[in-house]
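Below is one structure, written out as structure tokens; comments come after it.
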Amino acid sequence: MDDNLGVNEAADVHPATVGAMLRREREAQSKSLQDIADDTRIPMRHLKALEASDHDALPAITYEVGFAKSYARSLGLDEDDIARRVRDENGSEPRYDRTRDGDNFHPADPSRTPPRMLAWTAALIAGLLVAGYGIWRGFFWTAEPADPYLDRQMSAAEADQAPAAKAALPPAGPPGNSPGSDGQVVLTANKEVWVRIYNGANDTLLIKTLIPGERYEVPRQANNPMINIGRPEAVDVTLAGRPVAPLGPPERAVKDVGISAAALLARRRTAPTPAT
């Protein structure tokens, strides 16, 4: 009986495995296994396997060494000595590489990995930023490459005249010219809407939020005046007093749409003149 007691005492003084050594030191410092898990961020199942020296329940040797070093660091032990002991216990024979099991895979040093909540928060913020940028770009800077309101059936003669919209408008001429070609272009807001009007040199002519009923007369001498607008349907456009087609589809921001007299004449789908 006394002989057995002596053997047990010797085993307690000199633990046979690294796991037993770590467990004894943890208990000596009055720490629970949960305290080690919180400090190292190592899963509880791996800590239990490490203390039991159940190598097959742990990932590959590289990760087991990383766990053991983090455990030793938490207790203030020599982590390099612990790592050497773990390698000695595993021996030179390779064992099954458990890093292929998705449930068991963890970095070599879990204490250096960010908390899961932090990672999820960062991913959520990144997603919100991407979504916000897409909405902002769609409302203010997206323009259709082909304006569906532009009549694709215009005659060859009109097509030849279309580039004139990019040049300076000629001064008003005498009656008999092409109807409306020297007329005044007027924009009238039917609801509150933000607009920017600028010329071919990108010089801003107007930038503001129009209120319902507010009018803006496009300078006749402006060089290729164009408009950016978030909601084209919020502005009524007239040329020489006659309504013209909307500047774009409803609820879709447009950009670089010509609003000179020559450009508006290219729009064949002119709205009917309201009855007086």
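- Of the possible donor and acceptor atoms, one in the side chain of Ser70 sits under 3.5 Å from a partner among the backbone N and O of Gly66.
- Contact record, Val193 with Ala234: CB-CB, 3.7 Å, taken as the closest heavy-atom pair.
- The hydrophobic cluster containing Ile207 does not contain Val186, counting ILVMFWY residues as joined when their side-chain heavy atoms lie under 4.5 angstrom apart, directly or transitively.
- Connectivity analysis of hydrophobic side chains (ILVMFWY, heavy atoms under 4.5 Å, direct or indirect) links Leu124 to Leu128.
- Side chain of Asp35 to main chain of Ser32: a donor-acceptor pair is present (N/O by atom type, distance under 3.5 Å, no hydrogens or angles).
- Here the side chain of Glu64 pairs no donor or acceptor atom with the backbone of Pro59 at under 3.5 angstrom.
- Summarising the geometry, atom CG belonging to Asn228 is positioned 6.0 Å from atom CG belonging to Asp256; distances are rounded to the nearest 0.5 Å.
- Note that CG of Leu264 is 9.5 Å distant from OG1 of Thr238, once rounded to the nearest 0.5 Å.
- Tested against Met21 for a side chain to side chain contact (heavy atoms under 4.5 Å, CB included), the candidates Arg26, Glu51, Arg85 yield a single pass: Arg85.
- Heavy-atom minimum distance, Pro232 versus Gly248: CB-N, 3.5 Å.
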Please step through side chain to side chain contact (heavy atoms under 4.5 Å, CB included) for the pair Ile259 and Val237, ending with a clear verdict.
CA-CA 9 Å; Ile259 53 173; Val237 185; 5.8 Å; no
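- Looking at Ile227 and Val218, their side chains never come closer than 4.5 Å, going by heavy atoms from C-beta outward.
- The line from OH of Tyr71 to CG of Leu33 is 5.5 Å long, rounded to the nearest 0.5 Å.
- For residues 203-213, the set of pairs meeting the salt bridge (charged side-chain N to carboxylate O under 4.0 Å, His left out) definition, not counting sequence neighbours, comprises Lys208-Glu214.
- Closest approach of Ser260 to Val185, counting heavy atoms only: C-CG2, 4.1 Å.
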Audit row: Lys69, Asp80, side chain to side chain contact (heavy atoms under 4.5 Å, CB included) steps and yes/no
CA-CA 7 Å; Lys69 290 179 68 174; Asp80 292 330; 4.2 Å; yes
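- Once rounded to the nearest 0.5 Å, the distance linking CG of Asn190 with CD of Glu233 reads 7.5 Å.
- Residues Tyr216 and Val195 fail the side-chain proximity criterion, which asks for heavy atoms closer than 4.5 Å.
- Remark: Arg23 engages no residue in a salt bridge (Lys or Arg N to Asp or Glu O under 4.0 Å) (not counting sequence neighbours).
- A pairwise comparison of heavy atoms in Leu239 and Ala261 identifies CD1-CB, 3.7 Å as the closest pair.
- Between the Lys191 side chain and the Arg231 main chain, no donor and acceptor come within less than 3.5 Å of each other.
- By the 4.5 Å side-chain criterion applied to Ile, Leu, Val, Met, Phe, Trp and Tyr, Met226 is assigned to a cluster that also includes Tyr198.
- By the 4.5 Å side-chain criterion applied to Ile, Leu, Val, Met, Phe, Trp and Tyr, Leu129 is assigned to a cluster that also includes Ile125.
- Qualifying salt bridge (Lys or Arg N to Asp or Glu O under 4.0 Å) partners for Arg84, counting only residues two or more places apart in sequence or in other chains: Asp81, Asp88.
- Shortest non-hydrogen contact noted between Ser74 and Thr40 is CB-CG2, 3.9 Å.
- The CD1 atom of Ile42 lies 8.5 Å from the CD1 atom of Ile36; values are rounded to the nearest 0.5 Å.
- Glu89 places a side-chain N or O within donor-acceptor distance of the main-chain N or O of Val18, the cut-off being under 3.5 Å.
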Test side-chain hydrogen bond (donor to acceptor under 3.5 Å, both in side chains) applied to Thr17 and Ser53, step by step
CA-CA 7 Å; Thr17 65; Ser53 295; 3.2 Å; yes
In sequence, state the C-alpha distance, the side-chain angles, and the governing distance for Ile61 and Val86, and then conclude on side chain to side chain contact (heavy atoms under 4.5 Å, CB included).
CA-CA 8 Å; Ile61 179 62; Val86 170; 4.1 Å; yes
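- Taken to the nearest 0.5 Å, the NZ atom of Lys255 stands 8.5 Å off from the CZ atom of Arg196.
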